Undergrad: 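Provided herewith is a single structure, encoded as C-alpha cells, for subsequent inquiry.
Labels below follow one simple rule: chain letters A, B, ... track the order of the sequence lines, proteins then strands, and each chain is numbered from 1. Not measured: the values here are computed from a predicted model.
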Amino acid sequence: MSRRILVTSALPYANGHIHIGHLVEYLQTDIWVRFQKLRGNDCLYVCADDTHGTSIMIRARSEGIPETELIDKMRTAHIADFAGFQVAFDNYGSTHSEENRECCAEIWAAIREKGLLLEKDVEQLFDTVANTFLADRFVRGTCPKCGKKDQPGDNCVCGAAYSPTDLIDPVSTISGTKPEWRTASHLFVDLEQMREFLDHWTQETDALQPEVRHYLSGQFLHEPLRPWDISRPAPYFGFEIPDSPGNYWYVWFDAPIGYIGSTKEWCKKQKNQRYEDWWKSDQVELHHFIGKDITYFHTLFWPAMLKVAGMTLPKKVHIHGFLTVNGEKMSKSTGTFILASTYLKHLDPSYLRYFYASKLSSRVDDIDLSFEEFAAKCDSDLIGNVVNLASRTAKFAQQTGLSATYPEDGGLFEEAARLGEEIAEAYENCEYGKVTRLIMECGNRANKFVEDHAPWVLKKDPAKIDQLRDVCTIGMNLFRQIAVYLAPILPKLAEQAGALLNAPITSWEDAQRPLLGTKVNEYKHFLNRVSKEGIERIMSESKETEVNANQPTTGDSDESLKAEPLLETKIAIDDFTKVDLRIARILEAEEVPEARKLLRLTLSLGGDERRNVFAGIKAAYDPKDLVNRLVVCVANLEPRQMKFGLSEGMVVAAGPGGKDIFLLSPDSGAQPGMRLH
RNA sequence: GGCGGUUUAGCUCAGUUGGUUAGAGCAGCGGAAUCAUAAUCCGCGUGUCCGGGGUUCGAGUCCCUGAACCGCCA
C-alpha cells in the first residue's frame, strides 16, 4: 500500500548562496524523496527560502535595496543552484509569502488560545545610528575576563562565554557606534507547559536518532525548559504580529512554518489538494531533514508548536552532520568554501551526488570531502565499475539485441533482485553508504561475469552468435538493475540507461524482471572520469571569490580589476603616511588652450594655503562645474615644471581616462585642509 | 565545568541481539586479459579493534575507569 509522505529540507537563508556544505542536506533529502517516489509512494518534497530577520534587513540596507528585492534575487539564485544539482522540489516557496503569513497566524492563535504566551521585558543593545536592536553577533567589545579587545558579543578567543551585557565598551558592528541599552517587551512561549508531550515525543517515539535523544535529555530536558523568546520589536523585517502591533514574529518562528506555507502554495497550484490533508492528518508521514546545528529548533520548539496547533507531528527528524573539505572546516582562504554555482561550472553534479551518498549514514557524524578520495571513488565506482559495465557490453549488444528469454546466468540476476529489499531498507534508513556498497558488489559480480564469458571472444565465431546474445542480455540486464538501484542517487544515469535500452526506468520494480527481446541503441559515454583540472579550477576560483562568497553578488563588473590588477607589493603604514592627502576646495578652474587634456585648477587647502595644479580632466569636466567643489589632493607632491606653468600637486580621481574620469568628493562636513588618514 | 558523540588496516569506513581464524573499498605489490574511458579479472593483510580493569565458557561488541579528538550549552 502506498504511503503518504511529506518531506522537507531546512530552509536556506536568503542571505547567502548555496555552497557544497548546504548540498549535503539537499542531496541527502532529494535521494530519499526520489527513492520514495520510485517505490510508488505518494511523496511530496517542499522547501522555501528563509527570508526574515535582522541580517536580511541589514544586508538590504547596505546594498541600498528593499528587502523584497534582495530576497527575490537570492531565491532565483538558490533555485538555479538546486536545479543544477538535480534537487527536485515539488515546491520551492518563500517564508515571505501570504500563505506563510496565514499559517503563522493560525499557529499563533492556537498558542495564544492554549495560554502558552508570556510577556516579559527584555533589555537589549540598540544601535541608534542604524536604528535597530542588536543580536549578539552584531556586537563586539572587550572581553570581561581577559581584557582582549574586539571580541564577539557572546564569547572570546580566551574561551570565556558571557552575554553582551558583560562586554566592556560594546560597539555595534553595523554602524561602528556605541550602542545603548533599551528595554522592550517580548512575547515568549512557555515551553515547559509542553513538557509531558516533549518528554514522550523525544524519548519514547522513534522520531529521533539515539544520539539526538540522549543529547536532548542531557542538555535540555533534565531541567525546566526556558520560555522561548518568539517576538522582536520594530524595526524588524518579518511579519508583524496581528494582535501585538509593533512586534514581529522572530524569524525562527516563521521559518519552520514555511514548510506548511510552501505546502499551501503547492496545493493552490494543484487541482485537488488541500494543505490540511498533509498537515492535519494522521495518515501522513512527516519527515524533516536538517543539520545538527538547528537540532533544538526542530526537536523541541517545532514539534511543540505543531502539537499545540493540532497538526501533523514529525514521524522522523533526520539529522546530519557538517561537511569538512580536505579534513578541515570550509575556508575561504584555502579555496574550500565552494559555492554550488562554482562547482557546476567545472564538474558534473553526479559525482557529488554519488560521493555524498557513499559517505552518508543515518548518524549525525560529520562527513569529509577529500578531493583526492572524491576523484578516486567516483572514478573507480562510477566509471570503472558501473559505467564500464555498460560500456563494455553495449557495443556487442547493439549488434545482437536482447534475447527473448532470460538465459542462465548462474543466479546473478536473481541474487541482485533479492538484494533489492536490502538496498531499499538501507535507503529507507538513510544508510546510503551501505546502499552504494551493496550496489558496487552487484557491479563487481557483473563485471566478473562479463570477464568470464568474454563476449569479445564469442564475437569472433559466427556460430556463437546465440551465446554472444545471451551474454549481452545478461550483462545489459545486470547493468540495468544497478541503474535502477542507483536511480535515486543518479537520476541522469537512470535516464541514460532507459534510453540505451528503449525502456525508461520508472519504478523500483524494474529491477525485479529482466528486460527482454528489445534492441539496444548506440552507446555513448554516460560519464567521464573526474577531471583533476576541474577540481583545481573550482578551488582556485573559490579562493578568488572569497570576499563575496557568502554575500549576494553585487553585480559589479571585474573589468576595472582586470585593467589594473591589485598590487602584489604590500606597503607599510609609514609608506602610506608619507603621502599627505588633503581635502581641498577648487577656487578657480580654467581650460589650458594649448593643452589637449589639461585644466588649470587653483586649490585652497584652508587658510591661505593655495596650490596651482594642472589636472588631466578636460574631457570629463566643464571648468565652471568644478568651482567651489571639494576634492582630494596630494599636497606634498614634488612640484613639477610643465610647459604651461608649475604644477604643485595632484587631484585624486578614478577611472580609465578620457571621459571616464571621476573626481573624489568627501561627505558633507569635510573642510579644506583636513588630512586623510 | 556539564552534556552528547567519536576512537577498528596507510586512508575512508562495515562489523545486527556477545559466538569460529575481525571484514570491504581505496592505496600498495605480483600476475592475467585487451571488449571497455589506463577501464576489467585473479592473488597478496603479523590490525596491541585508544589504554587499564571487570562480567562471561567466550568481549571489537556489555559494565567501570582513564586518555585523545569533535561538537553543544537555547
Side-chain angles (χ1 to χ4, degrees), chain A residues 136 154-155 159-161 163 188-189 191 208-230 250 252 291-297 299-301 319 321-322 324 326-329 355 358-361 363-370 372-399 422 425-426 429 431 433-441 443-460 468 471-472 475 479 523-531:
Chain A
D136 294 1
D154 47 4
N155 65 79
S163 89
F188 290 73
V189 172
L191 216 55
L208 302 175
Q209 290 133 292
E211 61 263 52
V212 176
R213 205 160 25 203
H214 299 155
Y215 160 76
L216 291 177
S217 65
Q219 187 96 29
F220 298 97
L221 294 167
H222 70 289
E223 59 181 14
L225 292 159
R226 288 182 229 166
W228 181 32
D229 187 350
I230 204 179
Y250 177 42
W252 262 111
K292 63 183 181 181
D293 52 326
I294 55 175
T295 295
Y296 64 77
F297 289 105
T299 56
L300 295 174
F301 307 139
I319 303 178
F322 294 148
T324 55
N326 292 336
E328 288 172 22
K329 271 173 100 165
F355 183 75
S358 78
K359 302 289 275 187
L360 279 166
S361 73
R363 314 223 21 168
V364 189
D365 302 341
D366 291 352
I367 64 171
D368 184 51
L369 166 56
S370 140
E372 211 173 308
E373 189 191 353
F374 170 83
K377 184 144 222 137
C378 291
D379 284 352
S380 77
D381 287 6
L382 292 182
I383 311 303
N385 191 343
V386 177
V387 170
N388 183 50
L389 181 59
S391 170
R392 70 193 308 196
T393 317
K395 195 174 87 181
F396 304 119
Q398 196 191 336
Q399 298 162 16
E422 196 178 343
E425 195 186 331
N429 296 329
E431 295 283 359
K434 186 174 183 183
V435 166
T436 59
R437 279 195 300 277
L438 290 171
I439 296 174
M440 286 314 122
E441 283 170 23
N444 285 337
R445 285 192 291 267
N447 269 305
K448 181 169 163 45
F449 175 88
V450 176
E451 189 81 19
D452 291 346
H453 293 79
W456 51 94
V457 176
L458 298 174
K459 185 191 72 171
K460 290 174 186 160
L468 178 62
V471 169
C472 290
F479 166 72
Y523 172 81
K524 295 191 191 102
H525 287 329
F526 287 160
L527 191 62
N528 292 309
R529 303 168 70 75
V530 175
S531 136

Undergrad: Rounding to an integer number of angstrom, what distance separates A33(B) and C70(B) when you compare their C1' atoms?
TA: 47 Å
Undergrad: List RNA chain B stems (3 or more consecutive Watson-Crick/G-U pairs, under 3.5 Å)?
TA: B:1-7 with B:67-73, B:10-13 with B:23-26, B:28-32 with B:40-44, B:50-54 with B:62-66
Undergrad: Would you tabulate the nitrogen or oxygen pairs shorter than 3.5 Å linking the protein to nucleotides 4-10 of chain B?
TA:
{"unit_1": "G4(B)", "atom_1": "O2'", "unit_2": "Glu211(A)", "atom_2": "O", "d": "3.4"}
{"unit_1": "G5(B)", "atom_1": "OP1", "unit_2": "His214(A)", "atom_2": "ND1", "d": "2.7"}
{"unit_1": "G5(B)", "atom_1": "O3'", "unit_2": "Arg363(A)", "atom_2": "NH2", "d": "3.2"}
{"unit_1": "U6(B)", "atom_1": "OP1", "unit_2": "Arg363(A)", "atom_2": "NH1", "d": "3.3"}
{"unit_1": "U6(B)", "atom_1": "OP1", "unit_2": "Arg363(A)", "atom_2": "NH2", "d": "2.8"}

Undergrad: Would you kindly give the CZ-to-C1' distance between Phe449(A) and A33(B), to the nearest whole Å?
TA: 17 Å
Undergrad: For atom C1', what is the distance between G45(B) and G71(B), given to the nearest Å?
TA: 35 Å
Undergrad: Under the rule for ring pair (Phe, Tyr, Trp, His ring centres under 6.0 Å), what residues qualify as partners of Phe374(A), not counting sequence neighbours?
TA: Phe355(A), Phe371(A)
Undergrad: Going by the angle between their ring planes, with limits at 30° and 60°, are Phe301(A) and Trp228(A) parallel, tilted or perpendicular?
TA: parallel
Undergrad: Does Thr436(A) form a side chain to side chain contact (heavy atoms under 4.5 Å, CB included) with Asp381(A)? I'd like the steps, not just the answer.
TA: CA-CA 9 Å; Thr436(A) 59; Asp381(A) 287 6; 5.6 Å; no
Undergrad: Who are the side chain to side chain contact (heavy atoms under 4.5 Å, CB included) partners of Asn444(A), not counting sequence neighbours?
TA: Asn385(A)
Undergrad: Atom CG of Leu208(A) and atom P of C72(B): how far apart are they, to the nearest Å?
TA: 19 Å
Undergrad: Arg226(A): which residues meet the salt bridge (charged side-chain N to carboxylate O under 4.0 Å, His left out) condition with it, sequence neighbours left out?
TA: none
Undergrad: Any chance you could lay out the side chain to side chain contact (heavy atoms under 4.5 Å, CB included) test for Glu422(A) and Lys434(A), step after step, and finish with the verdict?
TA: CA-CA 9 Å; Glu422(A) 196 178 343; Lys434(A) 186 174 183 183; 4.0 Å; yes
Undergrad: My understanding is that only residues two or more places apart in sequence, or in another chain, count here; which of them pass ring pair (Phe, Tyr, Trp, His ring centres under 6.0 Å) with Phe220(A)?
TA: Tyr215(A), Tyr296(A)
Undergrad: Using atom names, set out every protein N or O paired with an N or O of nucleotides 64-68 of chain B below 3.5 Å, distance rounded to 0.1 Å.
TA:
none

Undergrad: Mark up nucleotides 34-44 of chain B, 5' to 3', with B wherever a protein heavy atom is under 4.0 angstrom from a base atom, S wherever such an atom reaches only the sugar-phosphate, and - elsewhere.
TA: SBBB-SBSS--
Undergrad: Taking everything shown except Glu328(A) itself, do over 12 heavy atoms lie less than 6.0 Å from its CD?
TA: no
Undergrad: Go through the structure and list residues passing salt bridge (charged side-chain N to carboxylate O under 4.0 Å, His left out) with Asp365(A), not counting sequence neighbours.
TA: none
Undergrad: Rounded to whole angstrom, note down the C1' distance from G1(B) over to C57(B).
TA: 44 Å
Undergrad: Kindly say whether Arg363(A) contributes a backbone atom to a donor-acceptor pair with the side chain of Glu211(A) at under 3.5 angstrom?
TA: no
Undergrad: Without decimals, in angstroms, what is the distance between His222(A) NE2 and C73(B) P?
TA: 14 Å
Undergrad: To the nearest angstrom, how far is Lys292(A) atom NZ from C73(B) atom C1'?
TA: 14 Å
Undergrad: Suppose we screen for salt bridge (charged side-chain N to carboxylate O under 4.0 Å, His left out). Which residues come up paired with Lys292(A), at least two apart in sequence or across chains?
TA: Asp366(A)
Undergrad: Name the atoms and distances for all side-chain donor-acceptor pairs under 3.5 Å in residues 450-459 of chain A, with sequence neighbours left out.
TA:
{"unit_1": "Glu451(A)", "atom_1": "OE1", "unit_2": "Arg392(A)", "atom_2": "NH2", "d": "3.0"}
{"unit_1": "Asp452(A)", "atom_1": "OD2", "unit_2": "Lys448(A)", "atom_2": "NZ", "d": "3.3"}
{"unit_1": "His453(A)", "atom_1": "ND1", "unit_2": "Phe449(A)", "atom_2": "O", "d": "2.9"}

Undergrad: Tell me the interatomic distance from Phe220(A), atom CZ, to G71(B), atom P, rounded to whole angstroms.
TA: 17 Å
Undergrad: Go through the structure and list residues passing salt bridge (charged side-chain N to carboxylate O under 4.0 Å, His left out) with Arg213(A), not counting sequence neighbours.
TA: none
Undergrad: Can you tell me, in whole Å, how much space there is between the P of G47(B) and that of G23(B)?
TA: 12 Å
Undergrad: I need the CD-P distance between Glu422(A) and G15(B), as an integer number of Å.
TA: 12 Å
Undergrad: Using atom C1' of each nucleotide, how far apart are C50(B) and A67(B) to the nearest Å?
TA: 8 Å
Undergrad: Do Glu223(A) and A74(B) share a donor-acceptor pair, side chain to base, under 3.5 Å?
TA: yes
Undergrad: When you match Arg226(A) and Glu431(A) each to their closest nucleotide on RNA chain B, which lands nearer the 5' end?
TA: Glu431(A)
Undergrad: Using the C1' atom as the reference point in each nucleotide, state the distance between U34(B) and A39(B) in Å, no decimals.
TA: 11 Å
Undergrad: In whole Å, measure the gap between the C1' atoms of U61(B) and G15(B) for me.
TA: 9 Å
Undergrad: Rounding to the closest angstrom, what is the interatomic distance between G18(B) and C63(B) at atom P?
TA: 11 Å
Undergrad: Does Thr295(A) offer a backbone N or O that forms a donor-acceptor pair with the side chain of Thr299(A) under 3.5 Å?
TA: yes
Undergrad: Expressed as a whole number of angstroms, how long is the span from Ile294(A):CD1 to C73(B):P?
TA: 13 Å
